[in-house]
Participant: 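Structure in structure tokens, see below.
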2 protein chains.
Amino acid sequence: MSSCQTVADPRVQALVNDLIGRVADKWTMLILDVLAEQGTLRFTQIGTAVPGISQKMLTQTLRQMERDGLITRTIFPVVPPRVEYALTDLGLGLGAAFCGVWLWAEANLQRIDVARTAFDARAAV
Amino acid sequence: MSSCQTVADPRVQALVNDLIGRVADKWTMLILDVLAEQGTLRFTQIGTAVPGISQKMLTQTLRQMERDGLITRTIFPVVPPRVEYALTDLGLGLGAAFCGVWLWAEANLQRIDVARTAFDARAAV
DNA sequence: CACTTTGGTTACCGTCGGGAAGTAGGCACC
DNA sequence: GGTGCCTACTTCCCGACGGTAACCAAAGTG
């Protein structure tokens, strides 16, 4: 926070920490990414676009994101059911903010791999 | 990713997703923040600076961050023990990349709170 | 009448995280 | 010389979280 030159009101700090704790979640970030990347998607489309997520966590994470106002959930009353998810402007903002982390990850993949193998070699002694 | 105008090599994409999954962790982000904010810190100092973390998760997360090359762990062979943690340039880079998310969180605290209470009011019907 | 499709929910179970207690080992105090 | 004390852990126990797989609704199709 203060590394970003922001004020240090302890109450705000606590709230922000809390919010980060809820938003800095593996599945939330990955779902946010595919929605930012591909726009409006259906339930199963997100499921296949996010590698490794279970239906349960997909439902659960989408509900939480909807609750936090990051996405909208539109139900079409047809059979078989059709539900579309799209980012709100709040979600778009978070996606844009998280963009820097993605670029960092892409740029530093190899360095992290090197660090990890070096660490494991040290630990294996 | 592609929302950040990057190439879409599926292998790289998978690796980046994997890396995000490991780094986008509540405790990792909070520890990263206090280290970016306050510089070199000792074990217990991080523990008190990160609200709500248990000793076990503190140890575990620090080890993982050390393994990923985000922090350095310096042991002083004195009694009582003294261990200092500091960000590497890799960790500093991640902290800088994550800065945008922190600013977003601070700027949108109230909007998320509004969205959440509205959602809960709808769900309570 | 059975079968398919889609977006879930539920039961079961293994793993992860929190809380509290234990550990090392040298030093200060009584 | 025994009793604490300090710090950075580790270990044990238990509750909560996440994965797997099965089930469900409701209309259309063969």
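Just so we're on the same page: letters track the sequence lines, and every chain starts at 1.
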Participant: Using the ring-ring contact (aromatic ring centres under 6.0 Å, His included) rule, collect all pairs that involve residues 27-84 of chain B, keeping only residues at least two apart or in two chains.
Facilitator: none

Participant: Specify the separation, in whole Å, of atom NZ of A/Lys26 and atom P of D/dC17.
Facilitator: 17 Å

Participant: Of all nucleotides in DNA chain C that come within under 4.0 Å of a heavy atom of chain B, which is furthest toward the 5' end and which toward the 3' end?
Facilitator: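 Result: C/dG17 to C/dG26.
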
Participant: For residues 85-105 of chain A, which residue pairs pass the salt bridge (Lys or Arg N to Asp or Glu O under 4.0 Å) check, not counting sequence neighbours?
Facilitator: A/Asp89-B/Arg111

Participant: To the nearest 0.5 Å, how far apart are CG in A/Leu92 and CG in A/Leu87?
Facilitator: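 If I round to the nearest 0.5 Å, the distance is 5.0 Å.
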
Participant: Can you tell me how far CD of A/Gln13 sits from CG of B/Asp33, rounded to the nearest 0.5 angstrom?
Facilitator: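 Answer for the CG-CD pair, B/Asp33 versus A/Gln13, is 7.0 Å.
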
Participant: Kindly state which residues belonging to residues 76-86 of chain A come within less than 4.0 angstrom of DNA chain C, counting heavy atoms of the residue only, listed by number.
Facilitator: A/Pro80, A/Pro81, A/Arg82, A/Val83, A/Tyr85

Participant: Report the end-to-end axis angle of the helix from C/dC1-D/dG30 to C/dC30-D/dG1; each axis comes from five terminal pairs, and the value is rounded to 10°.
Facilitator: 30°

Participant: How would you list, by chain and number, every residue that makes a side-chain hydrogen bond (donor to acceptor under 3.5 Å, both in side chains) with A/Thr88, sequence neighbours excluded?
Facilitator: none

Participant: Sequence neighbours excluded, which residues qualify as salt bridge (Lys or Arg N to Asp or Glu O under 4.0 Å) partners of B/Arg122?
Facilitator: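 Once residues adjacent in sequence are excluded, B/Arg122 has no partner under the salt bridge (Lys or Arg N to Asp or Glu O under 4.0 Å) criterion.
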
Participant: Rounded to the nearest angstrom, tell me the gap between atom CG in B/Leu41 and atom P in D/dT7.
Facilitator: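 Going from CG in B/Leu41 over to P in D/dT7 covers 15 Å.
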
Participant: To the nearest angstrom, how far is B/Gln45 atom CD from D/dC9 atom P?
Facilitator: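 To the nearest whole Å, that distance equals 13 Å.
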
Participant: For residues 50-60 of chain B, which residue pairs qualify under side chain to side chain donor-acceptor pair (under 3.5 Å), counting only residues two or more places apart or in two chains?
Facilitator: none

Participant: Between side-chain atoms of residues 44-52 of chain B and protein atoms elsewhere (two or more places apart, or another chain), which donor-acceptor pairs fall under 3.5 Å?
Facilitator:
{"unit_1": "B/Gln45", "atom_1": "OE1", "unit_2": "B/Arg42", "atom_2": "N", "d": "2.7"}
{"unit_1": "B/Thr48", "atom_1": "OG1", "unit_2": "B/Thr44", "atom_2": "O", "d": "3.3"}
{"unit_1": "B/Thr48", "atom_1": "OG1", "unit_2": "B/Gln45", "atom_2": "O", "d": "3.0"}

Participant: With sequence neighbours excluded, tell me which residues meet salt bridge (Lys or Arg N to Asp or Glu O under 4.0 Å) with A/Asp113.
Facilitator: none

Participant: Closer than 4.0 Å, any side-chain N/O of A/Trp27 to the OP1 or OP2 of D/dC17?
Facilitator: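 For A/Trp27, the contact criterion (side-chain N or O under 4.0 Å from OP1 or OP2 of D/dC17) is not met.
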
Participant: Within residues 51-64 of chain B, find the residues that approach DNA chain D with a heavy atom at under 4.0 Å, and present them sorted by residue number.
Facilitator: B/Gln55, B/Lys56, B/Thr59, B/Arg63

Participant: For the atom pair CD1 (A/Ile31) and NZ (A/Lys26), what is the distance rounded to the nearest 0.5 Å?
Facilitator: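 Answer rounded to 0.5 Å: 11.5 Å.
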
Participant: Find the distance between CG (B/Asn108) and CG (A/Leu90) and round it off to the nearest 0.5 Å.
Facilitator: 5.0 Å

Participant: Can you run down the side chain to side chain donor-acceptor pair (under 3.5 Å) pairs that involve residues 64-84 of chain A, sequence neighbours left out, and say none if there aren't any?
Facilitator: A/Arg67-B/Asp120, A/Asp68-B/Arg116, A/Arg73-A/Tyr85, A/Arg82-A/Glu84

Participant: Would the distance check show the side chain of B/Thr61 and the main-chain N or O of B/Leu58 forming a donor-acceptor pair, the cut-off being under 3.5 Å?
Facilitator: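 No; judged by distance alone, with no hydrogens or angles, the pair does not exist.
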
